[in-house]
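Reviewing the structure listed below.
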Protein chains: 2
Amino acid sequence: MSLDRELNLEAPFKDPQHETVLNIVRTASVLAGVGDQLFRQFDLTEAQFNVLFSLKYNPQQVTQTDLGRRLVVTRASITSVLDKLEAKGLVERQDVPNNRRSYHVVLTEKGKALVDEVEPHYRRRVHQALDGMDERECRQLIRLLERVRVQASLLQDEDVENSRAG
Amino acid sequence: MSLDRELNLEAPFKDPQHETVLNIVRTASVLAGVGDQLFRQFDLTEAQFNVLFSLKYNPQQVTQTDLGRRLVVTRASITSVLDKLEAKGLVERQDVPNNRRSYHVVLTEKGKALVDEVEPHYRRRVHQALDGMDERECRQLIRLLERVRVQASLLQDEDVENSRAG
DNA sequence: AAGCAATCGTTTGATGTCAAACAAATTATT
DNA sequence: AATAATTTGTTTGACATCAAACGATTGCTT
């Protein structure tokens, strides 16, 4: 649905629904770009930062599957990102007692130090990106987005046949 | 900045700015999922559909660089997507007279037929995703997102040193 | 005209993502 | 206890994306 990020006005659509979708996708993409650009300065990818960040704020016993659930990413993706992070010494896979199937994923000292270093910059970026929007406007935006998300979630498993019927 | 798609409320942040960013990114991701799920039923990826769709509504003489600009994607990405589309016979690279450097990218009959087939389903999905939002709310959402996008664009090239100064 | 600079498409290499299949381990059922 | 079902992490294979470098071509400067 990211579809055409082209917000060019030669638009094939003039209806507000479609413009809205484009705007959501495009804005997310710009925000992602800002994040990427920041993380790269610390030799991190966005996916890697996400894991470090999540671990910092969820220091409980966390398995790879847990991480995947939280970051909304498949187990396979987690495996690959953790491989990179572990190679850099930012993260460790620890054996779980009485369970030889899972690992607990934990930040190393180095990993903790790095995420602590990046975090303030990240927070600053977020605030700058939303600069000029007061709390009321933020809440409004969130409320509207939540509605879209709920509606969209209902479409997840729809196939073309159903769609014709609907 | 996709950052944590976890909108779990154990959130390390309680400030509205950050929640807003998370919501934008998360919503875009859900929308993308809906698109993916649709396109897969036609053996297309989102990137491939985006190209077909863009070509349909911009049937002028279009080079690969033009396409990249419109879809906000690097030339390298365009090359790879076009390779796939061309292999499927959905698209053609045509020599440009008096310019041996560029190609014009055009839909084949097959490509045109496919995009015509997918498009109504796509439009339906968009409308369903935004179901319940009237035009006024759409405009409001768009307006807020535009403000975020403008602000965020300003951060694009900021590095950590500048950020400290700012 | 000659030489330098910019542009076009491609390639390479790294990353992330998913779906699907797998082995190993754990849990549930019978 | 034995068997079936589920879960966990990994692998494989396909795709997209980017940055960086490259050759070919075109444009610009002098």
Side-chain angles (χ1 to χ4, degrees), chain A residues 1-3 5 25 28-30 32-37 39-51 61-69 71-88 91 93-105 156-157, chain B residues 1-3 5 25 28-30 32-37 39-41 43-51 61-69 71-88 91-105 156-157:
Chain A
M1 217 79 145
S2 137
L3 163 64
R5 279 115 152 204
V25 169
S29 157
V30 170
V34 172
D36 268 338
Q37 191 267 349
F39 301 140
R40 202 170 334 121
Q41 299 179 54
F42 296 91
D43 271 305
L44 285 176
T45 64
E46 182 177 309
Q48 290 165 15
F49 176 77
N50 288 350
V51 167
Q61 311 285 49
V62 149
T63 66
Q64 301 189 189
T65 299
D66 293 335
L67 259 179
R69 237 190 296 276
L71 301 181
V72 194
V73 152
T74 61
R75 281 168 297 153
S77 300
I78 294 294
T79 293
S80 110
V81 175
L82 286 187
D83 286 348
K84 306 283 167 13
L85 288 173
E86 203 169 29
K88 295 195 222 178
V91 140
R93 283 186 247 231
Q94 293 179 344
D95 288 340
V96 173
N98 305 324
N99 187 340
R100 277 179 303 174
R101 217 176 7 172
S102 311
Y103 299 104
H104 283 159
V105 185
Q156 287 292 26
D157 298 319
Chain B
M1 215 80 145
S2 137
L3 164 64
R5 280 114 150 207
V25 170
S29 157
V30 170
V34 172
D36 268 338
Q37 192 267 346
F39 301 140
R40 204 171 331 122
Q41 298 178 55
D43 272 305
L44 284 176
T45 64
E46 183 178 309
Q48 290 165 16
F49 176 77
N50 288 350
V51 168
Q61 311 284 49
V62 147
T63 67
Q64 303 189 188
T65 299
D66 292 336
L67 259 178
R69 237 189 297 274
L71 301 179
V72 194
V73 152
T74 60
R75 282 168 298 157
S77 299
I78 294 293
T79 292
S80 114
V81 175
L82 285 187
D83 287 347
K84 308 283 166 21
L85 288 173
E86 204 170 28
K88 296 197 223 180
V91 139
E92 249 181 38
R93 285 185 245 230
Q94 293 179 344
D95 288 340
V96 172
N98 306 324
N99 188 341
R100 279 179 302 173
R101 217 176 4 174
S102 310
Y103 300 103
H104 283 158
V105 185
Q156 289 294 26
D157 297 320

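Computed from a predicted model, the values in this text were never measured in an experiment. Throughout, protein chains are lettered first and strands after them, A, B, ... in sequence-line order, and every chain is numbered starting at 1.
- Taking 4.0 Å as the cut-off between side-chain N and carboxylate O, A:Asp43 and A:Lys84 do not count as a salt-bridged pair.
- For the pair A:Gln64 (side chain) and A:Ile78 (backbone), a donor-acceptor distance under 3.5 Å is absent.
- Whole-Å rounding puts the A:Glu46 CD to D:dT17 P distance at 15 Å.
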Q: Indicate for each nucleotide in nucleotides 3-12 of chain D, in 5' to 3' sequence, whether protein heavy atoms under 4.0 Å reach the base (B), only the sugar-phosphate (S), or nothing (-).
A: ----BBBBB-
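- Atom CD in B:Gln37 sits about 18 Å away from atom C1' in D:dC15, given to the nearest Å.
- For A:Arg40 and D:dT17, the CZ to C1' distance is 12 Å, given to the nearest whole Å.
- If you measure from atom CG of B:Leu71 to atom P of D:dT17, you get 9 Å, rounded to the nearest angstrom.
- OP1 or OP2 of D:dC18 has at least one side-chain nitrogen or oxygen of B:Ser77 nearer than 4.0 Å.
- Taking atom CG of B:Asn98 as the reference point, atom P of D:dG27 lies 10 Å away to the nearest angstrom.
- With rounding to the nearest 0.5 angstrom, the CD atom of A:Gln48 is 8.5 Å from the OG atom of A:Ser80.
- Atoms CZ and CZ, from B:Arg69 and B:Arg75 in turn, are 9.5 Å apart once rounded to the nearest 0.5 Å.
- Counting heavy atoms from C-beta on, the side chains of A:Leu44 and A:Lys88 come closer than 4.5 Å.
- In this structure the side chain of A:Gln94 never reaches within 4.5 angstrom of the side chain of A:Gln61, judged on heavy atoms.
- At whole-Å resolution of the value, CG in B:Asp43 and C1' in D:dA14 are 12 Å apart.
- Remark: B:Lys84 is not in phosphate contact with D:dA14, judged by side-chain N or O atoms under 4.0 Å from OP1 or OP2.
- As a whole-Å value, the separation of B:Asn50 CG from D:dT17 P is 8 Å.
- A donor-acceptor pair under 3.5 Å is formed between the side chain of A:Glu86 and the backbone N or O of A:Arg93.
- Helix-axis bend for the helix from C:dA1-D:dT30 to C:dT30-D:dA1: the local axis fitted to the five terminal pairs at one end deviates from that at the other end by 10°, rounded to 10°.
- Note: CD (B:Gln94) to P (C:dC8) measures 19 Å, nearest angstrom.
- Taking side-chain N and O atoms only, A:Thr74 has no distance below 4.0 Å to OP1 or OP2 of C:dT17.
- Phosphate proximity of D:dA24 to B:Arg100: absent, as no side-chain N or O sits under 4.0 Å from OP1 or OP2.
- Judged as a side-chain contact (heavy atoms from CB on, under 4.5 Å), and not counting sequence neighbours, the contacts of A:Thr63 are A:Thr65, A:Asp66, A:Ser102, A:His104.
- Atom-to-atom distance recorded for B:Thr45:OG1 and B:Leu85:CG is 7.0 Å, nearest 0.5 angstrom.
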